[in-house]
Protein chains: 2
Amino acid sequence: MGRKSLKEARKKEIIKVFYSLAKKNGLENTSIAKIAAKMEINPSLIIHYFQTREDLVSGLVDYILDKYKLIYKVSAANATDSRKALLEIIGNIFSKKWNTLFDDGLFYGCYAMTFHDDKVRDLYKKLLDSLREMLIGHIEQCRADGVLDVTDVETVADNIFVLIDGAYFYLSLVSDKAEYEQRLAKYRQQALSILHLQELSEVAG
Amino acid sequence: MGRKSLKEARKKEIIKVFYSLAKKNGLENTSIAKIAAKMEINPSLIIHYFQTREDLVSGLVDYILDKYKLIYKVSAANATDSRKALLEIIGNIFSKKWNTLFDDGLFYGCYAMTFHDDKVRDLYKKLLDSLREMLIGHIEQCRADGVLDVTDVETVADNIFVLIDGAYFYLSLVSDKAEYEQRLAKYRQQALSILHLQELSEVAG
DNA sequence: TTATAAATTGAATGAATGTTCAATTAATTT
DNA sequence: AAATTAATTGAACATTCATTCAATTTATAA
């Protein structure tokens, strides 16, 4: 009875436009009114779905972190081979295509919010911790399969994460494309070195 | 003739209040009006000194980056001993007192601006690059003095910076004090390990 | 066809924003 | 004391903001 609810689909549409505008102009310069204008709908419709701006931002953070999570996803082709799976993840993390899928500016913009917004802080902390656990799992699997020679798995995983976060922090300021790619390759190499693995071209994404 | 100018002193006062409010409530929640209210002055006075909000923010970025730079400052006592100087810098970077002097939230908040504000981007890039050069200089001096055994100085310096940036990225989300300090110590240890140095208590700050 | 429920609009709100400009106050020099 | 220059105020500005509420349109089920 009554009209079919479009709620979830509509919310996602709104968030996507929010994402694209914030990506272009920054989080603080993206208002509800501007999102509505871009979508050619009424601002009150956005408030109808997200009761407050805070909820809207929260939805954006969810959206961004979901995208971020994808980088750690292992394709079905490599799911059964622990070594290939690990190599695929490392490859994904240190690849150029990541940038086309994911906007670092927004990731850091939302990250900056964690210092004053407990909700966002929790989301980030839980995501990063779950990714750590995941990487630990992969490494342990590799060790169990005898394809990896590491002693302290947790430390190794931590080293990888430090490398990732530190690498992109500086990389985001590198505008020269050649230097960017060169550094990226070097960091990937270093990640493999931490894992006592060698670069391989055999692994597809 | 006429009144003595308080311009520079007053501008610094304003920025300091801006800093303290933004530290507490976040950059985007700190308006000119709020700064003026806190100082019990008229908002137009702030505009008098900083023509636009953009200029005001730019001043804040300068202020923050100047503070950041201090972490890399070597005390006079260690200035002549290259090994002690390097150890002091590493000690400063991975110390708890840094947090009392410097607000990570604002540092990341301004960092997030680099993605849409070319001016801020240049400031950050130039600072980080100059710090790199400085660290490279210290390491090279140590090598010249025969107290350090490293081959590729630039790579070593880059590894240190990646460690710093990556470490604090995650540390900023760690609220448990004990875990925070434990990790911090571990990262410091790792920095020394990259330099092939050992932890020393002999170096004062 | 009618009832129902959700989607959407439109107008209005008050508060806060950055900024302008003229007027006034306060300090310093001649 | 008078002239000068900067500090500071106060009132006003147009804009934008998030949010509210009632009214209307649109789709679906009975």
Side-chain angles (χ1 to χ4, degrees), chain A residues 1-22 24-63 109-110 112-113 116-117 119-120, chain B residues 1-22 24-63 109-110 112-113 116-117 119-120:
Chain A
M1 168 100 46
R3 196 170 171 175
K4 206 200 294 183
S5 173
L6 308 174
K7 195 171 183 178
E8 292 313 312
R10 213 74 171 105
K11 285 179 87 169
K12 194 150 205 170
E13 277 185 68
I14 293 168
I15 298 243
K16 278 185 177 179
V17 175
F18 188 10
Y19 176 88
S20 72
L21 285 181
K24 185 174 288 184
N25 309 315
L27 259 176
E28 69 281 4
N29 298 317
T30 309
S31 64
I32 291 176
K34 285 175 183 169
I35 300 168
K38 176 83 174 182
M39 299 179 75
E40 297 184 344
I41 62 172
N42 200 285
S44 59
L45 187 58
I46 295 178
I47 290 287
H48 170 72
Y49 288 117
F50 305 89
Q51 284 70 20
T52 69
R53 171 167 225 272
E54 214 189 334
D55 293 342
L56 179 63
V57 170
S58 193
L60 180 68
V61 174
D62 278 335
Y63 180 74
C110 292
M113 292 173 51
H116 302 102
D117 187 325
K119 207 171 164 187
V120 177
Chain B
M1 168 102 43
R3 196 170 171 175
K4 207 200 291 183
S5 174
L6 307 174
K7 195 170 183 178
E8 292 312 313
R10 213 73 170 106
K11 284 180 86 170
K12 194 150 205 172
E13 277 186 67
I14 294 168
I15 298 248
K16 278 186 177 177
V17 175
F18 188 10
Y19 176 88
S20 72
L21 286 181
K24 185 175 286 182
N25 309 315
L27 259 175
E28 69 282 3
N29 298 318
T30 308
S31 64
I32 291 175
K34 285 176 184 169
I35 300 168
K38 176 83 173 181
M39 298 180 75
E40 297 185 344
I41 61 173
N42 201 284
S44 59
L45 186 58
I46 295 178
I47 290 287
H48 170 71
Y49 288 117
F50 304 89
Q51 284 70 20
T52 70
R53 172 169 222 272
E54 214 189 335
D55 293 341
L56 179 64
V57 170
S58 193
L60 180 69
V61 174
D62 278 334
Y63 180 73
C110 291
M113 291 173 50
H116 302 102
D117 187 326
K119 208 171 162 187
V120 177

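Lettering follows sequence order; numbering is per chain, from 1.
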message = Reading DNA chain C from 5' onward, which residue's closest nucleotide shows up sooner: A:Lys4 or B:Asn29?
response = A:Lys4
query = Which whole-number value in Å describes the distance from B:Glu28 CD to C:dT17 P?
reply = 12 Å
task = Just compare C:dA6, D:dC17, D:dA18 and give me whichever is closest to any side-chain atom of A:Lys34.
result = D:dC17
request  = Report the distance from atom CD of A:Glu8 to atom C1' of C:dA7, rounded to the nearest whole Å.
outcome  = 15 Å
ask   = What integer distance in Å separates B:Phe50:CZ from D:dT8:P?
value = 13 Å
query = Start at the 5' end of DNA chain D and walk down; is the nucleotide closest to B:Leu45 or to A:Ser44 reached first?
reply = B:Leu45
ask   = Which residue lies toward the 5' end of DNA chain D, A:Ser31 or A:Asn42, if each is placed at its nearest nucleotide?
value = A:Ser31
request  = Look at the side-chain N and O atoms of B:Tyr49 and state whether any lies under 4.0 Å from the OP1 or OP2 oxygen of D:dA7.
outcome  = yes
ask   = Hey, which of these two, B:Glu54 or B:Gly2, hits DNA chain C nearer its 5' end, going by closest nucleotide?
value = B:Glu54
task = Could you state the atom-to-atom distance from CD1 of B:Ile41 to P of D:dG10 in whole Å?
result = 12 Å
query = Separation of A:Leu6 atom CG from C:dA7 atom C1', in whole Å?
reply = 7 Å
task = Grab the CG-C1' distance between B:Leu56 and C:dT17 for me, whole Å please.
result = 14 Å
request  = May I have the step-by-step check of side chain to side chain contact (heavy atoms under 4.5 Å, CB included) for B:Glu28 and A:His116, ending in yes or no?
outcome  = CA-CA 11 Å; B:Glu28 69 282 3; A:His116 302 102; 5.6 Å; no
inquiry  = If you compare every side-chain N and O of B:Arg10 against the phosphate oxygens of D:dA6 (OP1, OP2), does one of them come in below 4.0 Å?
reply    = no
task = Specify the separation, in whole Å, of atom CD1 of B:Ile47 and atom P of C:dT17.
result = 12 Å
inquiry  = Just N and O in the side chain of B:His48: are any of them under 4.0 Å from OP1 or OP2 of D:dA7?
reply    = yes
request  = Verify, without hydrogens or angle tests, whether B:Asp117 (side chain) and B:Met113 (backbone) share a donor-acceptor contact under 3.5 angstrom.
outcome  = no
task = Please say which of B:Val17, B:Leu21, B:Leu56 ends up in a side chain to side chain contact (heavy atoms under 4.5 Å, CB included) with B:Thr30.
result = B:Leu21
message = Just checking B:Glu13: does its CD atom have more than 12 heavy atoms from other residues, nucleotides or ligands closer to it than 6.0 angstrom?
response = yes
note = Of the listed D:dT26, D:dC17, C:dT19, the closest approach to the A:Arg3 side chain comes from D:dT26
inquiry  = Measuring from the side chain of A:Pro43 (C-beta onward, heavy atoms only), which nucleotide among C:dT19, D:dT19, C:dT17 has the closest atom?
reply    = D:dT19
message = Expressed as a whole number of angstroms, how long is the span from A:Ile46:CD1 to C:dA7:P?
response = 14 Å
query = Tell me the ring-ring contact (aromatic ring centres under 6.0 Å, His included) pairs involving residues 34-63 of chain A, sequence neighbours left out?
reply = A:Tyr19-A:Tyr63
